[in-house]
Amino acid sequence: MGVLVMFKGVLRMLCSAALAAALPAASLAADYPDRPIRWLVPFSAGGGSDLATRIVARHVAETLGQAVVVENRPGAATIVAAQEAARAEPDGYTVLTAGMSTLALNPWLYRDLPYDPQKDLAPVSSLVALPIVLVAAPDSGLRSLDDVKAYLGREQPGTFASLGVGSPHHLAMTLFMETIGGTATAVPYKGTPPALQDVAAGVVPVMMADLAAARPLIQAGRLRAIAVPAATRSAQLPDVPTFAEAGGPAFEAAAWQGVVAPAGTPSPIVDKLSQAIRHALQSPDVVRQLSVQGMEPTGSTPDAFRAYAGQEHQRWGAVIQAKGFSAD
C-alpha cells in the first residue's frame with residue numbers, strides 16, 4: 001500500500017509537470033483560475049493575520065472571478081500549515097499566508113524543520129506589516145524610554161512579557177537589550193491577549209507587542225506606549241515617539257506577513273496571483289480596513305518578497321545564533 005501511494009504521488013507530480021511544460025505560459029495564466037482557491041492561514045480565526053488574509057482574499061476573489069476559501073491551520077509555530085502548503089499540488093489552487101516565523105525564524109529555531117522555505121515554497125507577494133510598540137504598565141513607573149533602559153540595566157534583572165522563544169516580539173526585545181547592554185528575564189505567554197492583560201495589571205512591567213492588539217488598551221489608558229521601533233512614527237499612534245526620537249538607538253523591528261505557493265507553481269500563475277494581491281492592497285477600502293486593525297498594507301513582486309524574506313532570515317538568524325535560542 002505504501003509503495004502504491006508513493007507511486008500515485010510521483011505519477012501525479014509527473015503529470016502536473018508534463019502539463020505545465022506542454023501548455024504555453026500565456027495559456028496557463030489565461031485559464032487560471034477555473035475553480036476555487038484555497039488560502040491557508042497558520043493561525044486561529046480572529047487574529048491579525050487571519051483578518052488581513054480575509055480582507056484581502058475577498059478582493060482577490062472579485063479580481064480573479066473565483067471564490068477564495070480561507071482555511072485556518074494553526075499549530076506548531078506555523079509549521080502545520082507550512083508543511084501542508086509545501087505538500088500541495090503546485091497548481092495555484094493552494095496558497096499560504098506566511099510571515100516572519102514561517103520564512104525567516106523557524107529554520108534557525110528548529111533542527112528538524114519538516115519543510116524548507118527556500119526549496120518548498122514559492123514567494124508570491126508581501127501582505128502586511130504588523131508594527132510593534134514598546135508598552136509598559138501605567139503604574140510601573142516606566143514613563144519613558146530612559147526609564148525602560150534604566151530598568152533593563154539594573155544589577156538585578158527585571159522581567160518582560162514574551163510570546164515565546166524566537167517570537168518576533170521576543171527577538172525585538174532581545175535585540176533592543178543587546179543594543180543598550182540591558183538584561184531581563186522573559187516571561188512566556190501562549191498568546192498576545194493574556195500577555196497584554198498581565199502587563200496592564202502590572203504582573204509583568206513591560207513588553208514589545210503588536211500595535212494592533214495593544215492600541216485599544218493604550219487608548220483606554222490601561223497601557224502606556226513608550227516608543228515604536230520604526231524609522232517613523234505610526235499613523236495609529238502619532239503622539240508616540242520612535243526609539244531614536246526618544247533618545248534610544250535607531251532601532252527598527254516589525255512582524256510581517258506575505259503569501260507563498262507550493263514550489264513549482266508555474267510562474268505565470270504566481271505572477272497573476274501576485275498582481276491580484278497587490279491590486280487588493282492598493283484598494284482604498286482594503287487599506288482602510290487594514291489600517292483600522294493597526295496593520296500596514298505592503299504588496300510586492302515575487303522577487304522583491306523573496307529578497308526581503310532572505311534579508312530578514314539573515315538579520316534575525318544572527319540574533320538567534322548569538323543567543324543560542326532554540327525551540328526544540
Side-chain angles (χ1 to χ4, degrees), residues 48 77-78 99-110 117 126 128-136 142 144-154 157-189 192 195-196 199 204-214 223 225-234 237 240-258 296 298 307-327:
T78 77
M100 194 169 172
S101 293
T102 308
L103 302 178
L105 305 182
N106 284 350
W108 298 108
L109 294 168
Y110 296 89
S126 60
V128 292
L130 303 166
I132 291 174
V133 59
L134 178 65
V135 296
L142 304 178
S144 68
L145 192 61
D146 284 341
D147 291 337
V148 175
K149 289 163 64 178
Y151 174 74
L152 296 174
R154 298 185 317 176
T159 59
F160 68 94
S162 164
L163 301 185
V165 173
S167 68
H169 316 81
H170 175 252
L171 292 176
M173 182 65 88
T174 299
L175 185 57
F176 173 53
M177 289 192 295
E178 186 175 85
T179 303
I180 64 170
T183 58
T185 301
V187 178
Y189 287 83
T192 299
L196 288 174
V199 174
V204 184
V206 66
M207 77 173 293
M208 294 277 193
D210 286 337
L211 186 152
L223 285 174
I226 303 296
V228 291
T232 59
R233 295 191 181 198
S234 168
L237 296 174
V240 178
T242 67
F243 272 58
E245 289 175 332
F251 176 68
E252 296 183 31
W256 48 269
Q257 296 291 341
E296 299 175 357
T298 53
Y308 178 74
Q311 291 167 2
E312 288 285 274
H313 172 73
Q314 294 302 323
R315 178 193 184 195
W316 294 110
V319 177
I320 291 169
Q321 287 187 307
K323 296 297 182 181
F325 291 147
S326 173

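Annotation: side-chain contact (heavy atoms from CB on, under 4.5 Å) contacts of T192 (sequence neighbours excluded): L163, L196, D210, A213. Residues meeting the side-chain hydrogen bond (donor to acceptor under 3.5 Å, both in side chains) test with Y308, sequence neighbours left out: none. In this structure, Y151 has no ring-ring contact (aromatic ring centres under 6.0 Å, His included) partners at least two apart in sequence or on a different chain. When the side-chain contact (heavy atoms from CB on, under 4.5 Å) test is applied to S162, the partners found at least two apart in sequence or on another chain are F160, S167, H170, A186. The side-chain hydrogen bond (donor to acceptor under 3.5 Å, both in side chains) check on S144 picks up D147, with sequence neighbours excluded. In this structure H169 satisfies the ring-ring contact (aromatic ring centres under 6.0 Å, His included) test with no other residue, sequence neighbours excluded. Residues passing the side-chain hydrogen bond (donor to acceptor under 3.5 Å, both in side chains) test with S234: none are found, sequence neighbours excluded.
A heavy-atom distance below 4.5 Å is not found between the side chains of V206 and V199. Using a 4.5 Å cut-off on side-chain heavy atoms (C-beta onward), E296 and V128 make no contact. Looking at L175 and R315, their side chains come closer than 4.5 Å, going by heavy atoms from C-beta outward. Two residues are said to be in side-chain contact when any heavy atoms from C-beta on lie closer than 4.5 Å; V148 and L134 meet this criterion.
For the atom pair NZ of K149 and CD1 of I180, the computed distance is 6.5 Å after rounding to the nearest 0.5 Å. Taking OG1 of T183 as the reference point, atom CG of L152 lies at 7.5 Å (rounded to 0.5 Å). With values rounded to the nearest 0.5 angstrom, N106 atom CG is found 11.0 Å from M100 atom CE. Distance check, rounded to the nearest 0.5 Å: OH of Y110 to OG of S326 gives 8.5 Å. A distance of 10.0 Å separates CG in L211 from CG in L130, rounded to the nearest 0.5 Å.
A donor-acceptor pair under 3.5 Å is absent between the side-chain atoms of W316 and the main chain of S101, judged by distance alone.
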Atom pairs and distances, donor-acceptor, side-chain atoms in residues 245-258, under 3.5 Å, two or more places apart:
| from | atom 1 | to | atom 2 | distance (Å) |
| --- | --- | --- | --- | --- |
| E245 | OE1 | R233 | NE | 2.8 |
| E245 | OE1 | T242 | N | 3.0 |
| W256 | NE1 | E312 | OE1 | 2.8 |
| Q257 | OE1 | G99 | N | 3.2 |
| Q257 | NE2 | S49 | OG | 3.1 |

Compile the donor-acceptor pairs under 3.5 Å between side chains in residues 317-325 and protein atoms, sequence neighbours left out, one pair per line.
none

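Within the structure, no pair that satisfies the salt bridge (Lys or Arg N to Asp or Glu O under 4.0 Å) test touches residues 161-176, not counting sequence neighbours.
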